[in-house]
Amino acid sequence: MDQYIIRGGATLHGEVEISGAKNAAVAIIPAALLVKGVCRIENIPQISDTDTLLTILTQLGARVSYLSKSTIEIDCTDTRYQDAPYDLMRKIRASYYLIGSMLGRFGSAKTTMPGGCNFGVRPIDQHIKGMRALGAEISVKNGFVYADAIDGRLHGARVYLDKVSVGATMNIMIAAVLAEGRTIIENAAREPHIVDLANFLNSMGADVRGAGTDTIKINGVEELHGGTYTIIPDQIEAGTYMVAAAATGGEVLIKNIIPKHMEGISAKLRETGTVIEEFEEALLVKGPTSLRRINLKTMPYPGFPTDMQPQFGVLLCLANGTSVITEGIYDNRFKYVNELRKMGAEIQVDGRVAVIDGGRRLTGAPVHACDLRAGAAMVIAGMVASGVTEIDDIHFIERGYERFVEKLNALGADIQVHYDEEESASARAFSIS
Ligand code: UD1
């Protein structure tokens, strides 16, 4: 099995460049299907989730070419309807955006239910509610989603989301761009990648207003044209390096970020005693000699992001005193706690609340990456633990962090990657980059 082997005890120092935002890229790539023309997209993160989506588009007939490691061109001008490739769709969560983009472009979509990290039940009822409001007939049978625009084309409508959902907000936005008339999404999510998707669509000729607020208005247009767009930096990748710097007591300059997007994360880190200096497109993070306990609760943006919860879970094992983390988004996002316990952590979990008895010295152990962010948290734990930590299931981590090991080792970490030939070959079979 592919593994990271981490020798603990490093103090991170230096500079790290943040890549393009995963959760923006995984919506923008499927949205390119709406465009007749060449979309040049810059700052694409090289991660397995974007590879998978680009492979799906290629199989649907798109022409995809790399101009550099992080700049691609996607041309979907001649793409014709066909069923989405099920084996690839099942691999990732963001494949749900193909429902919106195929419906918008072709008036039909047949896909599988999306895969992705398992945090408990992750329904897509709000996506379906939105598509139905736009005039699609949708049924879910045996793990497949069948969607058809009743009149062959979607029609604008008012959609109120019963839950603030990032995925549903973006998917309805994608579907509505080529619909006839005006769509209004109320109780919309406000994450930075929602604004990024709207900016991408608008730069290709769409008319989307209000992204970043809880009401988004989309005036349908007849056609989108090609153009060039640069994806925003990844808020969660940046936050992960900030926590790594704080946990190891290091000093790291986090470059190519938008400090405004980091405010929730920076505020909680400052409460732990971490010093953060802000620059125009960078943050300097200095870990304290001793960390203070805090309480935190995950919430939709601009609240504290659930995707940073496991990394903070590790940090708070090191802080003096008892910390409480409340998970406000998902039912089952504390699976990583069992792995941390193997390293000496003292954490009690009751439903969506974890009570962390801090001030512990972690010791290296063989552990699993339970999911993408939990895997990143285990890497941080391995760097601060004494001895050697072996992490398996690292394919989860590689879904979302570009050159993670290379970047951490450049900051002074000691991480080796052991690739299992068979496992790597099957992973490479899906990669087109
Ligand atoms: C996206 C992100 C994920 C992040 C999450 C919250 C992607 C590919 N993934 O996931 O990294 O953790 O936002 O910031 O961008 N819900 C419903 N019905 C729905 C949709 C969601 O009940 O139709 C619930 C979910 O179970 C969850 C909450 O709403 O409890 C928020 O989910 P949502 O914001 O949709 O997350 P995802 O889009 O799946």
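Both counts, for ligands and for their atoms, begin at 1 and track the order of listing. One-based numbering along the sequence shown.
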For this session: Just let me know how Lys163 lines up against ligand 1, side chain, backbone, both or neither, with a heavy-atom cut-off below 4.0 Å.
Result: side chain
Problem set entry | Side-chain heavy atoms of Arg105 within contact of Lys36, under 4.5 Å | yes
Exercise. Using a heavy-atom cut-off of under 4.0 Å, does the side chain or the backbone of Arg333 touch ligand 1, or both, or neither?
Worked result: side chain
Exercise. Counting from 1, what ligand 1 atoms have a heavy atom of Ile124 closer than 4.0 Å?
Worked result: 19 (C), 23 (O)
For this session: Check if Tyr96 has a non-hydrogen atom at a distance under 4.0 Å from any atom of ligand 1.
Result: yes
Exercise. Is Gly167 close to ligand 1, meaning an N/O of one under 3.5 Å from an N/O of the other?
Worked result: yes
For this session: Please determine if Glu191 has a nitrogen or oxygen closer than 3.5 Å to a nitrogen or oxygen of ligand 1.
Result: no
Exercise. What part of Ile329 sits under 4.0 Å from ligand 1 if we count only heavy atoms: the side chain, the backbone, both or neither?
Worked result: both
Exercise. Are any non-hydrogen side-chain atoms of Arg292 and Glu271 less than 4.5 angstrom apart?
Worked result: no
Exercise. Is any side-chain heavy atom of Val166 less than 4.5 Å from a side-chain heavy atom of His193?
Worked result: yes
Problem set entry | Proximal atoms of ligand 1 relative to Arg93 (non-hydrogen, under 4.0 Å) | 39 (O)
Exercise. Do Ile194 and Ile216 come within less than 4.5 Å of each other through their side chains, counting heavy atoms only?
Worked result: yes
Exercise. Any chance the rings of Phe404 and Tyr4 have centres within less than 6.0 Å?
Worked result: no
For this session: For Pro123 and ligand 1, answer yes if some heavy atom of the residue is under 4.0 Å from a ligand atom, otherwise no.
Result: yes
For this session: Give the contacting part of Thr306 toward ligand 1: side chain, backbone, both or neither, where contact means a heavy-atom distance below 4.0 Å.
Result: side chain
Exercise. Under 6.0 Å from the six-membered ring centre of Tyr146 and within 45° of its axis: does the NZ or CZ of Lys141 meet both?
Worked result: yes
Problem set entry | Any side-chain heavy-atom pair of Met378 and Leu340 under 4.5 Å | yes
Exercise. Would the number of heavy atoms belonging to other residues, nucleotides or ligands and lying under 6.0 Å from CZ of Arg341 be above 12?
Worked result: yes
Exercise. Which residue from Asp162, Asn23, Val164 reaches closest to atom 9 (N) of ligand 1 through any of its heavy atoms?
Worked result: Asn23
For this session: Please tell me if the side chains of Thr274 and Val243 come closer than 4.5 Å, counting only heavy atoms from C-beta onward.
Result: no
Exercise. Looking at Gln126, which atoms of ligand 1 are within less than 4.0 Å of one of its heavy atoms?
Worked result: 18 (N), 19 (C), 23 (O)
For this session: Check each atom of ligand 1 against the heavy atoms of Val166 and keep those under 4.0 Å away; list them by number with element.
Result: 13 (O), 14 (O), 33 (P), 34 (O), 35 (O)
For this session: Heavy-atom distances under 4.0 Å are what count here, so tell me which part of His127 touches ligand 1: side chain, backbone, both or neither.
Result: both
Exercise. What part of Asp125 sits under 4.0 Å from ligand 1 if we count only heavy atoms: the side chain, the backbone, both or neither?
Worked result: both
Exercise. Is any side-chain heavy atom of Val367 closer than 4.5 Å to a side-chain heavy atom of Glu390?
Worked result: no
